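Here's the structure we're looking at; comments come further down.
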Amino acid sequence: MQKLASFEVNYLQYLDEGGKPANDLPDFADDHEVMVGLYRSMQLLRHLDARAVALQRVGRMRTYPASEGQEAVGVGASSCLSDRDVLVPYYRGTAMMLGHGVQPHEILLYWGGDERGSDYQNPLAKEDFPIAVPIATQMLHAAGVASAIKLRGQKDRAVLTEIGEGGTSEGEFYEALNVAGVWNLPMVCVINNNQWAISVPSEMQTAAQTYAQKAVAAGIEGLQVDGNDVIAVKDAVGKALDKARNGGGATLIEAVTYRLCDHTTADDASRYEDAKARAEAEKKEPLGRLAKYLLNLGAVNEKQLDEFAVAAKAEVEKEVKIYFDILENKPQPPSAMFDYLYAELPERFRAQRDEVMRRGGE
Amino acid sequence: MQKLASFEVNYLQYLDEGGKPANDLPDFADDHEVMVGLYRSMQLLRHLDARAVALQRVGRMRTYPASEGQEAVGVGASSCLSDRDVLVPYYRGTAMMLGHGVQPHEILLYWGGDERGSDYQNPLAKEDFPIAVPIATQMLHAAGVASAIKLRGQKDRAVLTEIGEGGTSEGEFYEALNVAGVWNLPMVCVINNNQWAISVPSEMQTAAQTYAQKAVAAGIEGLQVDGNDVIAVKDAVGKALDKARNGGGATLIEAVTYRLCDHTTADDASRYEDAKARAEAEKKEPLGRLAKYLLNLGAVNEKQLDEFAVAAKAEVEKEVKIYFDILENKPQPPSAMFDYLYAELPERFRAQRDEVMRRGGE
Amino acid sequence: MPTLTLIEAVTLALDHEMGRDKEVVILGEDVGRNGGVFRATDGLQDKYGDQRVLDTPLAEAMIAGLSIGMATQGMKPVAEIQFMGFVFPALNQILGAAARMRNRTRGRLHLPMVVRMPYGGGIHAPEHHSESTEAIFAHTPGLRVVVPSNPSRAYGLLLAAIRDPDPVIFLEPKRIYRIVKHEIEDDGEAYPLDTCFVDRQGDDVTFVAWGAMMHETLLAAEMLAKEGVSAEVIDLATVAPYDVETIIESVEKTGRCVIVAEAVRTGGVASDIAAELAERCLLSLIAPVGRVTGYDTIMPYAKLEGRYLPSVDRIADEARKVMAFS
Amino acid sequence: MPTLTLIEAVTLALDHEMGRDKEVVILGEDVGRNGGVFRATDGLQDKYGDQRVLDTPLAEAMIAGLSIGMATQGMKPVAEIQFMGFVFPALNQILGAAARMRNRTRGRLHLPMVVRMPYGGGIHAPEHHSESTEAIFAHTPGLRVVVPSNPSRAYGLLLAAIRDPDPVIFLEPKRIYRIVKHEIEDDGEAYPLDTCFVDRQGDDVTFVAWGAMMHETLLAAEMLAKEGVSAEVIDLATVAPYDVETIIESVEKTGRCVIVAEAVRTGGVASDIAAELAERCLLSLIAPVGRVTGYDTIMPYAKLEGRYLPSVDRIADEARKVMAFS
Ligand SMILES: Cc1ncc(C[n+]2csc(CCOP(=O)(O)OP(=O)(O)O)c2C)c(N)n1
Ligand SMILES: Cc1ncc(C[n+]2csc(CCOP(=O)(O)OP(=O)(O)O)c2C)c(N)n1
Ligand SMILES: [Mg+2]
Ligand SMILES: [Mg+2]
């Protein structure tokens with residue numbers, strides 16, 4: 001037997017569980033503004049999630065998937081996006097969406113059952129995809145957007161997409177990575193490995209020791225990072241996006257984290273999750289870790305942290321108000337179900353639209 | 001960065017292009033009977049293919065996919081099958097099917113447009129799958145059969161399946177490998193890497209340097225072999241099947257060969273294939289290589305080789321006769337299109353069956 | 001006799017058949033430890049072990065493809081697709097392979113498999129969780145498509161589906177998973193898969209419905225009764241191949257027919273029934289064949305979902321319309 | 001003016017539109033170097049380069065998914081699925097994503113994309129190469145489904161499909177790829193996607209067909225003419241959303257209708273047309289609505305394929321039956 005090829009999968013971590021540098025930090029980690037910004041984004045998300053879950057409990061929100069414990073993944077990754085880049089999120093992509101200009105009340109609208117939640121108003125997100133509920137379908141959309149960028153020879157643009165570790169079992173995940181490899185597409189895929197696909201633990205999802213190594217099948221670079229370490233996530237994704245923008249092709253980044261919440265508000269994780277595993281995971285939680293780092297760095301003091309929390313809550317309340325206002329005072333007319341189906345509604349369906357309108361309110 | 005995991009892909013070859021041992025040979029390579037048997041199987045296939053293609057040219061066969069140049073892959077692999085194993089072939093799986101008891105006239109019937117070609121009469125093939133035309137679908141069937149074997153705790157049984165290198169781009173390929181890994185299934189998948197997917201060359205199919213490394217994504221073993229070296233194929237597949245039968249799980253084996261023929265009789269490779277590449281590949285052709293080895297080994301002499309050719313032709317003619325006889329003298333009644341749709345034809349379709357019969361001959 | 005909801009009846013049928021026949025295995029996403037996101041398989045892994053109730057990796061084509069392979073070995077896989085909106089990746093296996101295996105091998109291999117899926121809208125679920133695309137399967141020879149409309153039928157029809165030697169698509173109307181209860185004796189009695197059920201006798205108009213829509217349809221029939229209109233109500237139950245004879249018999253009596261279905265109007269199973277009537281009942285029909293269906297658009301999200309689904313009012317209105325026709 | 005076959009007309013339309021609009025790109029298996037297995041894209045890669053005519057890896061979901069991504073960037077992908085029987089892996093993308101993008105983003109993103117596929121039987125191709133599953137797409141709001149029946153329509157309808165701002169499924173009846181030729185001026189004139197074509201005027205019975213079946217249907221009409229039966233023949237052309245008004249107008253005149261389709265009978269588009277007639281034409285119908293379709297079984301392999309496809313005889317017989325009805 002002769003050795004043909006060999007591959008390595010590396011792991012990147014900058015901050016240990018106690019928030020102490022475990023490695024030489026990248027430059028941005030010293031930039032107080034940047035680091036505080038990341039912290040505040042993570043905090044906003046945590047508050048938004050908590051509020052959305054609370055709204056669901058009182059019947060003012062439908063099924064909602066929180067990101068608790070996984071904030072560093074999406075916040076770190078999306079902080080690397082430029083206004084020319086395109087985001088193709090997965091359904092637990094709140095962090096990335098917020099990071100690319102989607103407004104909290106749009107996210108609430110979507111999960112509240114109103115299509116307008118995907119009609120992003122911020123120009124930053126104008127070309128971004130809406131949430132992909134069918135698992136792994138977004139991977140191919142990302143590859144398609146990346147193909148357009150590549151074919152047009154656009155520089156300085158790349159596509160960022162995300163998927164859960166469970167989603168990597170879907171064939172479309174591999175199809176997208178494979179074409180990203182052979183067409184050398186400007187695309188970065190982050191795997192949010194939060195250890196669970198609803199009730200199915202990671203070890204029942206694949207025999208691969210890492211999800212990062214799934215890149216080997218496509219001949220692209222794969223890397224694992226500590227997904228609770230926002231510095232590692234930002235560093236890896238930032239470099240991968242730069243590589244993509246400069247013709248270097250696609251990268252797969254596995255961010256290892258833990259889902260510190262139910263799968264969605266429709267789930268009850270206590271049915272299948274070991275309380276000890278959860279307790280262990282809580283120790284590695286990203287927000288507290290980053291707070292410790294920031295305090296050590298002297299970028300913030302305890303009082304400021306409290307102020308941030310208050311500000312985040314206020315911001316969320318403001319957005320919740322907008323959400324309520326839209327639902328209550330500006331509901332979609334029933335005919336909306338026909339008005340965006342085609343550029344122009346075919347004659348054939350006109351009568352149905354009329355009927356919907358005629359029948360009026362619920 | 002810390003190294004998490006590393007992987008190697010190895011290459012196996014026993015006979016070089018001139019039929020000379022390039023490595024310490026496995027025991028069976030000294031067994032004249034075994035080796036001559038392999039040669040004769042490869043030769044039979046080549047004659048059968050040639051005859052089928054000739055039949056197509058005169059309108060007595062429909063689209064037919066020959067295996068020219070790739071005979072060592074399927075012949076070597078299927079020679080490792082026991083009567084307890086299950087074969088799940090792909091559409092260019094003639095070699096494997098013949099190797100597991102499917103009769104040549106059944107293969108002719110199938111490609112001649114008669115469903116009875118998949119009603120294998122040999123008990124050996126009774127549980128085998130029919131040819132899978134939709135690319136990669138067979139991979140999941142193989143995993144399903146392997147699951148049944150595993151769940152029932154059956155020892156000494158495994159599943160062999162095959163796919164083209166182009167087929168590895170389909171998502172179902174990866175889905176099957178992934179579940180084969182995590183469920184530790186008794187399954188061996190051979191990739192016939194014949195360099196072409198119709199007109200698409202391998203380098204446009206994937207950026208992976210080898211197809212064997214696609215196993216890394218599933219956490220299973222992957223290996224590349226010289227697919228024109230029947231000894232290497234048999235050795236690798238034999239060991240992988242043994243491993244599978246003994247609870248060792250799945251293996252992916254890439255057999256590197258070359259399609260020395262059109263994709264099918266409906267194709268014209270000269271539109272896209274470089275004549276030089278073909279000429280190069282012809283030098284590595286498996287049948288001549290094996291003949292040289294057998295002559296060197298003293299297992300056969302030139303005269304015997306000629307006799308084998310005559311015998312193969314005669315065997316093919318006999319089968320062609322059976323094929324003709326069935327088509328001409330025992331055609332399926334038109335109602336056959338209803339008779340195997342359900343265990344019992346639903347009342348609802350009875351009238352349609354009657355109509356088909358009533359309308360009679362073409 | 002236990003009093004059970006539709007979903008509990010599903011569980012009971014699964015339990016019964018697993019107990020009776022050791023070849024029956026359950027597989028799907030979250031069906032094991034979690035007992036399914038709707039709890040259809042609750043308790044079964046504890047009872048039968050993780051070699052008979054299998055939590056799979058997340059891949060629907062794989063779930064269907066594995067089932068095919070297992071079924072050729074004589075196992076009886078009962079696969080769950082978590083929501084019907086997620087069956088699309090499995091269509092290649094279901095339409096392209098499962099429906100054809102017996103036919104293509106001239107009976108050498110066959111597939112005693114069931115694919116269960118919660119289906120339909122009305123529970124304010126997120127996007128892609130409310131599909132009613134039974135027409136895709138009904139248009140595929142080689143499959144059976146079955147939809148229970150109440151707990152007893154869920155029990156009897158699911159038993160029949162599992163015992164059937166060919167692939168059955170078993171669609172569970174999730175909106176009525178828990179709205180009525182039936183007393184069900186766990187007697188292992190399967191219902192036939194080749195007849196529909198006449199649930200209400202009437203003389204003026206025939207309603208045909210299935211699944212959750214039976215609920216609204218029966219309410220509409222009651223409402224009409226108060227107006228002096230006597231409606232016959234047929235539960236199609238086996239949506240493919242369906243029992244057209246019972247429908248025709250009824251329409252020959254009533255002269256009027258309204259078909260009620262949640263799916264998109266164009267090309268739905270409702271259209272096929274109407275086509276059969278247009279071919280075989282012309283002289284009996286004294287009014288146009290009405291169809292009350294989901295509109296020809298994408299099921300709206302929660303906020304407008306209620307406007308999309310056929311309501312008791314829409315059904316009754318259509319019946320009034322055909323009654324008024326002359 | 002060149003005289004072209006249907007497939008040559010497809011090539012001409014692609015060529016025309018690629019020349020006119022640089023956002024048009026072609027992608028699929030073997031479409032580039034090889035010019036497609038039926039040669040639909042022959043010569044286009046040489047002319048427009050391999051950045052506009054893309055040979056993809058072998059994966060249909062990928063082809064559809066890439067097209068969606070590209071289309072949101074304003075490109076106009078024209079994807080080829082090699083045979084309709086291989087579109088199943090792409091249904092998740094086409095039904096689940098492509099059909100819905102405009103709706104789910106309230107118009108923010110839309111998809112000017114076309115998915116072309118050779119479709120239908122009759123060329124003695126292997127298993128899985130003869131499917132006619134247009135009903136699946138026709139049942140999916142948000143899509144258009146177009147089937148040309150001759151070279152001129154292939155040219156004009158394909159131009160329209162490419163220019164349409166929404167996803168269009170363009171099905172090419174491969175059996176008639178090369179059986180007739182039309183003189184076609186390459187004038188870039190698109191045909192409308194919202195009307196059917198009345199190809200033969202008649203008073204006694206209305207035939208509705210599309211694609212390859214137009215061939216047999218017109219022959220049947222001629223045969224019937226000799227028997228004194230005057231048949232009107234309508235080419236549906238845009239199969240979804242289809243122009244029901246023209247059909248109804250015709251049936252109100254003739255009082256009889258026979259719908260001809262190659263697809264499986266149950267749940268086909270033919271059933272939907274019949275259902276519309278049963279609802280809107282009852283008083284005009286003087287005979288049952290006939291359907292001549294593929295049987296409710298899997299398209300047989302080459303040897304029996306001819307027995308499956310609707311023949312001129314079967315079509316004429318059905319017309320005779322409705323003519324004789326009273
Ligand atoms: C194609 C498809 N199948 C099933 C589902 C139902 N479902 C929603 S989330 C989920 C688990 C996803 O797990 P993972 O990919 O790890 O992402 P996570 O939820 O952990 O972020 C499943 C099975 C779906 N949305 N789409
Ligand atoms: C799902 C599907 N897509 C497309 C095809 C058409 N097709 C038949 S063979 C082939 C190329 C296959 O190449 P490869 O997998 O390398 O196998 P080979 O023919 O070289 O043995 C294609 C595209 C098919 N049969 N199934
Ligand atoms: Mg997860
Ligand atoms: Mg190949």
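Keep in mind the model is a prediction, meaning the values are calculated, not measured. Throughout, protein chains are lettered first and strands after them, A, B, ... in sequence-line order, and every chain is numbered starting at 1.
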Region of [X] in contact with chain D, defined by heavy-atom distances below 4.5 Å:
{"X": "Val86(A)", "answer": "side chain"}
{"X": "Gln138(A)", "answer": "neither"}
{"X": "Ala143(A)", "answer": "both"}
{"X": "Phe338(A)", "answer": "neither"}
{"X": "Met139(A)", "answer": "neither"}
{"X": "Ala180(A)", "answer": "neither"}
{"X": "Asp339(A)", "answer": "neither"}
{"X": "Ala146(A)", "answer": "neither"}
{"X": "Arg348(A)", "answer": "side chain"}

_Working note: Arg152(A) + Gln51(D), criterion side-chain hydrogen bond (donor to acceptor under 3.5 Å, both in side chains); need CA distance, chi angles, decisive distance, verdict._
CA-CA 9 Å; Arg152(A) 286 171 167 169; Gln51(D) 300 297 292; over 6 Å; no

[X] versus chain A, the contacting section by heavy-atom distance below 4.5 Å:
{"X": "Leu143(D)", "value": "backbone"}
{"X": "Ile68(D)", "value": "both"}
{"X": "Pro165(D)", "value": "side chain"}

After noting the C-alpha distance and the side-chain angles of Glu172(A) and Asn92(D), does the key distance pass the side-chain hydrogen bond (donor to acceptor under 3.5 Å, both in side chains) rule?
CA-CA 10 Å; Glu172(A) 296 189 10; Asn92(D) 190 34; 3.0 Å; yes

Quiz item: Which of these passes side-chain contact (heavy atoms from CB on, under 4.5 Å) with Tyr340(A): Arg104(D), Arg106(D), Met101(D)?
Solution: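 With Tyr340(A) as partner, side-chain contact (heavy atoms from CB on, under 4.5 Å) holds for just one option, Arg106(D).
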
query: On the ring face of Tyr342(A), is Arg102(D) found with NZ or CZ under 6.0 Å from the centre and within 45° of the axis?
result: no

